[in-house]
Amino acid sequence: MATKTVSTRRSFISVAGMALSAPLAAGVAGAAASPVAGGDDLKARLAMLEDLDAIRTLTQAFARHVNAGAHDEIAALFADPSGGHIDPSIHGIDANGFGEHDVIDIAPDRQTATARLYCTVHTETAIGPSCPLVDMARQQGGGVVRLAEPGVFENLYVKRDGMWKIQRSTHRPA
Amino acid sequence: MPTRYPKEQMHRIKYTKLTPEQIGGKLSAAASGPTSASPLSDVFAGKSLKIVLDNGPALTYRFADRNRLSLAEGDTAPVQAGYGALTLDRLAIFTHLVPRTERGYTVVVDQDTNLATALEVWFSGYEDNREVQRQVYFGYVEQAGTAAPAARHGITNRIEGKGFYWKQDTGVETIEYYMSVMYSNFVELTRFGGELSFCAPSDYIKINDDKYIYSRVEAEFSGTMTTYLLDPNRAEQIGMRLGFDDTDTLEYYMFRGRGEWVGQIAQFEPFGDVGTRIVRGNAPAPAAKGARAVYRPLKTNAIMTRPQVDAAIAKRTTVFAEGSAMAGNKGPVSSFLAAKELTLRYDNGQAYSYRFDDVQKLHWRREGDLAWREEKYESWESAPGVIMFGHLLSGAPDHDAFSIVVDFDHALVTCLHGTMGTPYMGNESAVKTVFGVVEMKGLTPPTYRRHQFTDELVGRAMTWNYRQGLTSMHLYSTPHSLSWIIFLENGAGGMEWSGPASYVKIRDELYLAYWLEEACNGTLGTILINMRTMRNCGIDYGAGPNGLRLSVVGAHARHAGRFNVLKYFTSKAV
């Protein structure tokens, strides 16, 4: 588990799906530098880890809903559900993502966070423009290009009423 | 016997829209069971069978003799019906209708394994009542005191890519290509003269490694079902045919046939994929009883009148627009013609002079005309000295277009002259092939030599990858027709259709082909096939509600194989 030190934000290189206790024991930012921490520090770090876990849970829900094509549920994860759309070509996020290279930065005030999430993204792009062959392919479930490529989600999170929400999510090839 | 050519080919026949009452009345004549030119079998006479079907009814049969049975479907009261049975080794197929209904069953029983496949068939299940519907059930013959077997017959791709010539005991001869896991391609050599091939949704079922069930329904045509058991090694078949012909006469007969294996082409599924499911990507799985993917071209493409076509073309005409889905693998645009002047003199007495201003602009005029007309064109040098180019003929009465191949090494030209509109549809292309020579400074054309029609492609299958995610296969199914097969996501053959076609030899391994998507979207496809570089260049010409389109085709090829069928298409003395 690596740790990234940032003066104004606390960062975590996280392992998806790992229980809260693991990063708490092994990778809490600043832990190595403060072997003897006071009660306030511990509280702060615990709160930060809770935020991290909440964001990770939110991210996993995001992936799950993308894989299920559950657009309403995806939108509900956003601070502004009306803007909660993803690139329509994205049809899946690898079940193993997000992975070990993910970076999640939580602002000191614990009200915003950013993340770079590395994963395999399954895209599906309709072939066009339409022509007789494409039309025929569509009738049998084809007429699309399906790809599985490494990609990065760059997400911005915001805390609303004590709950983490996605404020913006963009995807780019890795 | 002289070859019987139909007045109208199958795709042109206006089959009667029969009512359920008409169908019921005609089926009553078959209450005594199917006819058969070969003796029917008594394999089941005096026996009883209870056939248990997965997700279907239990069928309890009592066979009185070789012609009469009683059937109880589930818990219903038994009904009496006429039937017929035939055997192939230890496999038996029997068929019957259910009296006073438009339903029936065709059942295959393996007497060694006691496994069974039943096709429930019925009429009036689709808006065209005459189209036979079917539901395939897999199951077994119940044996007292014996546990139900775990194995089943099942769908398969193990006979995908095979082709057979068949001759039934009725004298009917066909060539049948199993090009797909859900469709097949058939040539009616005797019933329709063998000029064209046609396509039909089909079932392929594996009984064991040496025996299979094939079943097709001639959807969009007569709606007739043909179902048979086949032994690929011995090229033998036993089966049944049910439906109404072009005179609405009931065909309900069993047949025994022999044939010839005409070849096996490649399959493109991953190794290990034996076709136990049909991979249909985003398409929802057919849920309704009997539902399956059926290509219905006249339901998915507009049928337009000539005035409608003229109006649509007046609104929009696109010539070689960028980004055509079919041009993802097109070759580079040629500069060979730029700045050249020449005349193409055709054997039909017409001659066209050209001035090629640059790589995309030309001027042409017909011999005798004074005015030049400007057109956008595109050209490709398929082989050194062989140029394919095409253009519209602005102002021509039938929205004419030329797709032209010029061999400058031999001063020869072939023109596919496309026109829009046929007696059947305003937005259906027609085409004439015209041979000729090139007149140009420095070239002396031959006097007698010309490009020629060829049958060298007949029986070949080639895949065409137009761009990522878009691949089809051509089967040059007869000297006068071509079938296009669209691959499913896993590389299995999917839906297919067929149209009239023609082939011209330009050079060795270099062929100009066209096909017409008649009674479909009306497109004229023209491609120059280079079997040395394994790519094509070409031009699609079509019209529809969005106007007229002249578009580029460019694809990479793979050989899929070849069927040895040419001998069935030669004209013989009678």
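Here the structure is a predicted model, which is why all the values come from computation and not from measurement. Numbers restart at 1 for each chain; the letters A, B, ... are given by sequence-line order, proteins then strands. Values reported hereafter were calculated over all heavy atoms of this structure, with side chains retained and with hydrogens, waters and symmetry mates removed.
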Measure from NZ or CZ of B:Arg296 to the centre of the six-membered ring of B:Tyr126, then state whether that distance is under 6.0 Å and the direction lies within 45° of the axis.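 Yes.
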Engaged part of A:Arg138 at the chain B interface, taking heavy atoms whose separation is under 4.5 Å: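 Contact with chain B is absent: no heavy atom of A:Arg138 under 4.5 Å.
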Leading residue by heavy atom contact count with chain A [cutoff under 4.5 Å; candidates B:Ile278, B:Asn521, B:Val279, B:Asn282]: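 Greatest number of close heavy-atom pairs with chain A: B:Asn282.
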Under 4.5 Å, counting heavy-atom pairs only, tell me which of B:Gly542, B:Gly323, B:Gly544 racks up the most with chain A.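 It is B:Gly323.
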Would you please indicate if the ring centroids of B:Tyr295 and B:Tyr183 are separated by under 6.0 Å?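 No: the rings miss the under 6.0 Å criterion.
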Just checking B:Trp497 against B:Phe221, ring centres under 6.0 Å apart?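 For B:Trp497 and B:Phe221, the ring centres are under 6.0 Å apart.
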How about B:Tyr476 and B:Ile529: do any of their side-chain heavy atoms sit closer than 4.5 Å?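 Yes; the side chains approach each other to less than 4.5 Å.
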Within-4.5 Å side-chain heavy-atom neighbours: B:Ile155 and B:Asp203: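 The answer is no, as the side chains (C-beta and beyond) never meet within the 4.5 Å cut-off.
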Quick check on [X] against chain A: is it the side chain, the backbone, both or neither that has a heavy atom closer than 4.5 Å?
X        : value
B:Phe487 : backbone
B:Thr300 : side chain
B:Gln468 : both

